[in-house]
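Data block below; observations after.
Sequential numbering from 1 along the given sequence is applied to the chain's residues. Computation of the quantities below employed the complete heavy-atom set of this structure, encompassing side-chain atoms and omitting hydrogens, waters and symmetry-equivalent molecules. Just follow the structure's listing: the first ligand is 1, and inside any ligand the first atom is 1. Everything quoted here is computed from the prediction, not taken from an experiment.
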Amino acid sequence: MTRTDPLVERMRPFGTTIFTEMSALAVRTGAVNLGQGFPDTDGPPEMLAAAAEALAGGANQYPPLPGIPALRHAITAHEQRFWGLTRDPDTEVVVTAGATEAIAAAILALCEPGDEVVCFEPYYDSYAASITLAGAVRRPVTLRPGPAGRYEFDEAELREAFGRRTRLVLLNTPHNPTGKVFTAAELELIAGLCREHDVVAVTDEVYEHLVFDGRHVPLAGLPGMRERTLRISSAGKTFSCTGWKIGWATGPASLVSALLRVKQFLTFVNGAPLQPAVAVALGLPDSYFTGFAAGLRERRDGLVAGLAEAGLAVLPAEGTYFVTADIRPLGGVDGIEFCRELPARCGVVAVPTQVFYDNRDAGRHLIRFAFCKRAEVIDEAVSRLKRLAA
Ligand SMILES: *Cc1c(COP(=O)(O)O)cnc(C)c1O
């Protein structure tokens, strides 16, 4: 038998990501890149100093499999302080190579081949790949802009997605790429279905500190959910260090130890000198976290105003680094085409969100902009976007 493509069949649908294409386009054209969601400034100086000190001080060998005790304690103290969740730092926490590894290890640890994972589309791109690697099957529930403009899902569609083979629900709130924050009623509905069908929830809460109105609510805090939820977060977004890849998962000891069993053979451990630094960051005063959210809110407001002025229909961005917009008022039909032409039309790069759906038609006309950039970069983008209206 001759093989033309050595890649296993199930991974063939996963090409290079849209970010690779759009970031290359930004470089080639000199456009302002609001495509990929990484900050263009460093995180808190106390954290950077602690990392430098740890690196010079010999923290350069394998840390313990679940993470260094100082970081595990900082993670549980942070969860207690902000979300009122109480956990044992010795048995209910694991440090991972970013939220991405935590998500992959959770799915690989908990899903048998053929098990189903309920998730909301558009979804973060690693979800589909991790579900596929595990031989599991995704059951997407589509988020669509409702009458008030907010992204919503249909209750009947969610109920229908749960069945005999459902093993997990994968929930990301605040949600990338839409900027949606799931409401209390939506969380209660999801929790009720998890309890009814005896399903485990894996929650991706990397934007837990970026809710612009109101407060973040972890699903794990709802009745009956603590014992069936793996709550995942990461230092990358909260402390503007996306290249560090220090993430974590917390949950009941049985779920955490299952995740650990897989994780030990994926990366085993990572980031020895970064772990003590993230522990320092998690212990920063409340003013750091409120100031961080306030800064992003201001930049969101600036970009949202600019996008509206350019003639796009802007959807509400309630949290995260991102805002989405409908291109149809500008005569756009397909987000991929629109984004490919955007640098030539106005010198700005965005990403089409249809690539994050199974049901691509639902997102064909939607594109995403990141506002986690310096104020002067947002201002420059806003002034360039004016060319679209002209
Ligand atoms: C950025 C991001 C991640 C990845 O986090 P890492 O810590 O960099 O692995 C996971 N989920 C969502 C929704 C994200 O936006």
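If you check which protein heavy atom lies closest to atom 9 (O) of ligand 1, you get T100 OG1, 2.6 Å. Considering only non-hydrogen protein atoms, atom 7 (O) of ligand 1 sits nearest to S234 OG, 2.6 Å.
Geometrically, R368 engages F322 in a cation-pi contact, judged by NZ or CZ lying under 6.0 Å from the ring centre and within 45° of the ring axis. A cation-pi geometry, defined here as NZ or CZ lying under 6.0 Å from the six-membered ring centre and within 45° of its normal, does not hold between K263 and F265.
Only the side chain of K245 comes within 4.0 Å of ligand 1, counting heavy atoms alone; its backbone N, CA, C and O stay farther away. Under 4.0 angstrom from ligand 1, the non-hydrogen atoms of K237 all belong to its side chain. Residue contacts with ligand 1, taken as heavy atom pairs separated by less than 4.0 Å, involve V206 solely via side-chain atoms from C-beta onward.
Listed by number with element, the atoms of ligand 1 under 4.0 Å from a non-hydrogen atom of N172 are 13 (C). Interface of G98 with ligand 1, defined as ligand atoms under 4.0 Å from a residue heavy atom, comprises 6 (P), 7 (O), 9 (O). Which parts of ligand 1 touch N176 is read off a 4.0 Å heavy-atom cut-off, strictly below it: atoms 13 (C), 14 (C), 15 (O).
Under a 4.0 Å heavy-atom criterion, Y207 is in contact with ligand 1.
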K180 vs E152, test: salt bridge (Lys or Arg N to Asp or Glu O under 4.0 Å). Steps then yes/no. CA-CA 9 Å; K180 171 185 173 66; E152 294 168 359; over 6 Å; no
Under the side chain to side chain contact (heavy atoms under 4.5 Å, CB included) rule, what do C194 and V169 come out as? Steps first, then yes or no, please. CA-CA 8 Å; C194 288; V169 55; 3.2 Å; yes
Would L168 and I131 count as a side chain to side chain contact (heavy atoms under 4.5 Å, CB included) here? Give the steps.
CA-CA 10 Å; L168 299 181; I131 292 166; over 6 Å; no
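For atom 12 (C) of ligand 1, the nearest non-hydrogen atom from the set T242, T238, I232, D204 comes from D204.
At least one donor-acceptor pair closer than 3.5 Å links the side chain of N172 to the backbone N or O of D204.
Counting non-hydrogen atoms of other residues, nucleotides and ligands closer than 6.0 Å to CD of E157 gives a total above 12.
The aromatic rings of Y207 and Y321 lie perpendicular to each other, with more than 60° between the two planes, well past the 30° mark.
Considering backbone and side-chain N/O of A99, one or more are found under 3.5 Å from N/O of ligand 1.
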